[in-house]
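In the text below, chain A, chain B and the rest are named by the order of the sequence lines, each starting its count at 1.
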2 protein chains.
Amino acid sequence: MTAHPIAANDGISADRREEVLAAAAECFMRRGYEATSMDDVAEMLGATKGRVYHHFRSKPELFFEVFRRAISILAREAGVHETGPGTAAARLRRMARAHVLCMMETQTFQRNLTLGVDLYRFGETSAEHRATLEELMDLRRAYEDAFRRTFAAGKADGSLAAPDPSLAMRTLLGAINWVAVWYSPRPGETRAHREALADGIVDQVLQGYLA
Amino acid sequence: MTAHPIAANDGISADRREEVLAAAAECFMRRGYEATSMDDVAEMLGATKGRVYHHFRSKPELFFEVFRRAISILAREAGVHETGPGTAAARLRRMARAHVLCMMETQTFQRNLTLGVDLYRFGETSAEHRATLEELMDLRRAYEDAFRRTFAAGKADGSLAAPDPSLAMRTLLGAINWVAVWYSPRPGETRAHREALADGIVDQVLQGYLA
DNA sequence: ACCCGAACATACTCCAGAGTATGTCCCTGC
DNA sequence: GCAGGGACATACTCTGGAGTATGTTCGGGT
């Protein structure tokens with residue numbers, strides 16, 4: 001965070017924390033939040049609980065970080081395309097395409113978004129955690145709103161035909177979020193291959209919203 | 001199952017078992033599988049664990065029954081429309097519409113389908129449970145295949161334009177499965193209201209696949 | 001050479017929750 | 001009217017997992 005005299009040391013430390021975060025994402029994605037034990041996360045690292053608790057205060061906070069990371073990736077990769085050249089339809093296509101690629105390439109993080117929403121709906125978290133969850137849900141809502149706004153913009157500039165932008169956003173996001181559920185990378189699969197697949201998906205799905 | 005001398009008694013008993021099943025579905029949907037305790041299910045019934053364990057041998061078996069019920073509802077309500085009058089596009093529309101209505105009206109059961117798939121992907125269930133899970137996944141696959149076949153039929157009869165029926169099935173199911181995630185019934189909502197919403201969703205989503 | 005703190009590992013505590021064993025009530029058939 | 005079993009409630013056991021307290025190693029600063 002703050003500038004330390006030895007920047008190199010800070011970078012190493014951050015990397016090791018990152019490893020823990022990635023292992024946690026993997027575990028949470030596979031077994032779900034509750035079924036994942038802190039020992040599971042440690043085992044995946046070839047380490048012990050000590051290491052995990054050294055970097056994260058508790059299991060909820062570890063999960064929250066995974067969630068936060070997932071959204072921040074989406075916002076950076078896909079959300080940025082909201083402001084860009086071309087019609088609303090063109091921008092929406094770029095957003096959706098980037099979103100699908102995120103679902104495929106950072107699947108371990110992205111699948112935790114759904115888990116987080118479930119946790120929110122009827123979590124028994126108390127006070128402090130509740131507040132954090134609210135904040136995370138706001139981040140998610142903010143990201144989704146980019147899609148909603150773009151649908152509305154498409155209605156205005158005539159490039160999209162969405163009677164209900166809110167509903168359109170939900171069906172579109174449903175279709176492309178679902179990618180994280182069924183997609184698994186083929187061995188020896190290249191980036192170009194994924195891009196082609198993403199294009200195919202987006203082409204088909206977006207067909208329903210074009211003017 | 002088998003015909004008993006006193007049919008009335010059997011019916012009453014079946015109803016009480018049904019109550020437990022519904023309570024379990026509600027709990028599993030809210031908290032997820034692992035986070036739900038057998039005491040939670042009992043508490044929702046205003047009863048104790050004794051009652052739950054009287055009707056179901058274990059927690060996994062209870063969940064499996066919920067899952068099985070969810071698919072059987074889908075197959076009965078939506079799957080049956082695979083064989084019907086009209087073009088493949090018309091049949092697909094009826095299937096999708098019924099599917100969406102199931103997502104809204106039997107949400108508690110349907111949301112457990114996703115949980116089941118997650119459980120399957122990396123469950124630590126052993127031997128017997130593993131076999132049951134395989135069987136349940138087959139049931140799900142069989143249901144999804146109805147959509148896949150209908151897309152293929154639409155390619156043949158010229159009513160649908162799906163280059164890849166398998167991919168089309170996935171994006172379509174993604175969009176309409178997602179309904180169970182975001183939909184919650186408005187107070188005082190009528191069946192007609194839900195049907196209108198379902199029509200709106202299906203109209204929009206199907207647009208992308210029409211020839 | 002020594003100290004200190006980051007970065008872990010080890011060895012505990014403690015509770016929630018699955019499963020069980022047993023008791024209780026009531027209805028039904030004889 | 002009584003024997004038996006279905007349909008639970010009560011009262012346990014026992015393990016797994018979150019969190020903690022304490023030990024250990026190692027690299028850098030003085």
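Note: OH (B:Tyr33) to C1' (C:dG17) measures 12 Å, nearest angstrom. If you take CZ of B:Phe63 and P of C:dA18, they are 14 Å apart, rounded to a whole angstrom. Taking atom CZ of A:Arg57 as the reference point, atom P of C:dC8 lies 18 Å away to the nearest angstrom. Between A:Asp15 atom CG and C:dA6 atom C1' the separation is 16 Å, expressed in whole Å. Residue A:Asp39 contributes atom CG, which lies 17 Å from atom P of D:dT15 at whole-angstrom precision. When the C1' atom of D:dG19 is taken as reference, atom CZ of A:Phe56 falls 16 Å away, rounded to whole Å. Rounded to a whole Å, the NZ atom of A:Lys59 is 13 Å from the C1' atom of C:dA16. For the pair A:Met38 CE and C:dC12 P, the computed distance is 21 Å after rounding to whole Å.
In this structure, A:Arg130 satisfies the cation-pi test against A:Tyr120, with its NZ or CZ atom closer than 6.0 Å to the six-membered ring centre and inside 45 degrees of the ring normal. The cationic atom of A:Lys59 (NZ for Lys, CZ for Arg) lies less than 6.0 Å from the six-membered ring centre of A:Tyr33 and within 45° of the ring axis.
Among the heavy atoms of the strands lying under 4.0 Å from A:Ser37 are primed sugar atoms or P, OP1, OP2 only; no base atom is included.
Sequence order on DNA chain C of the closest nucleotides to B:Pro60 and A:His54 puts A:His54 first from the 5' end.
Within the structure, every side-chain polar atom (N or O) of A:Arg17 is placed at least 4.0 Å from both OP1 and OP2 of C:dA7. Between B:Arg16 and D:dC8, a side-chain N or O to OP1/OP2 separation shorter than 4.0 Å is present.
Note that OH of A:Tyr53 is 11.0 Å distant from CD of A:Glu61, once rounded to the nearest 0.5 Å. The CD atom of A:Glu77 sits 8.0 Å away from the OG1 atom of A:Thr106 when rounded to the nearest 0.5 Å.
A donor-acceptor contact under 3.5 Å links the side chain of B:Lys49 to the base of C:dG19.
Of the candidates D:dC8, C:dA9, C:dG19, the closest approach to any side-chain atom of B:Tyr53 belongs to C:dG19.
There is no side-chain donor-acceptor pair under 3.5 Å between A:Thr36 and A:Arg31.
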